[in-house]
Amino acid sequence: MDEDMLEDQRRLVELIEAEGWDVTDLEISAYDSPWADEDNPEATVTITARKPYESETATDDDDSDDENPFRLK
């Protein structure tokens, strides 16, 4: 795989993590474009990230309104 693609991948992860996201999965796919008449490869990057948000209305102690039978209390 082209070293430039890997460097771009690392930069994207750094940018996302700098915004407070936790990258949980990343996939990069390099291929020759069937739509372009060029010999330059292209790449797609799929990034899965998570970021918890604090709820302003609910607390951990206030589960009385939670009627989910599968939630552990």
Side-chain angles (χ1 to χ4, degrees):
M1 189 172 299
D2 192 320
E3 199 60 37
D4 290 336
M5 289 180 200
L6 294 175
E7 182 59 35
D8 285 343
Q9 173 185 313
R10 285 189 280 275
R11 184 169 175 263
L12 288 170
V13 169
E14 288 173 1
L15 290 170
I16 291 169
E17 288 178 341
E19 292 296 319
W21 290 84
D22 180 25
V23 175
T24 58
D25 188 34
L26 187 136
E27 178 183 334
I28 186 167
S29 301
Y31 54 90
D32 292 327
S33 175
W35 298 282
D37 293 332
E38 303 171 2
D39 291 334
N40 297 330
E42 294 183 356
T44 59
V45 176
T46 304
I47 299 173
T48 304
R50 67 180 192 89
K51 182 177 180 180
Y53 290 93
E54 291 185 24
S55 175
E56 294 179 13
T57 58
T59 63
D60 291 337
D61 297 332
D62 187 21
D63 290 334
S64 59
D65 293 339
D66 187 5
E67 296 179 12
N68 185 342
F70 302 105
R71 187 172 313 277
L72 297 175
K73 293 183 182 183

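Summarising the geometry of Trp21 relative to Arg50, their closest heavy-atom pair is CE3-C, 3.4 Å, with the distance given to 0.1 Å. Taking all atoms of both residues into account, the shortest heavy-atom contact from Met5 to Glu42 is CE-O, 4.1 Å.
We find the CG-OG1 distance between Leu26 and Thr46 to be 8.0 Å, quoted to the nearest 0.5 Å. A distance of 10.0 Å separates CD of Gln9 from CD of Glu27, quoted to the nearest 0.5 Å.
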- Task: Before giving the answer on salt bridge (charged side-chain N to carboxylate O under 4.0 Å, His left out), spell out for Glu7 and Arg10 the whole-Å C-alpha distance, their side-chain angles and the decisive distance to 0.1 Å.
- Result: CA-CA 5 Å; Glu7 182 59 35; Arg10 285 189 280 275; 3.5 Å; yes
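Judged by distance alone, the side chain of Thr24 and the main-chain N or O of Thr48 form a donor-acceptor pair under 3.5 Å.
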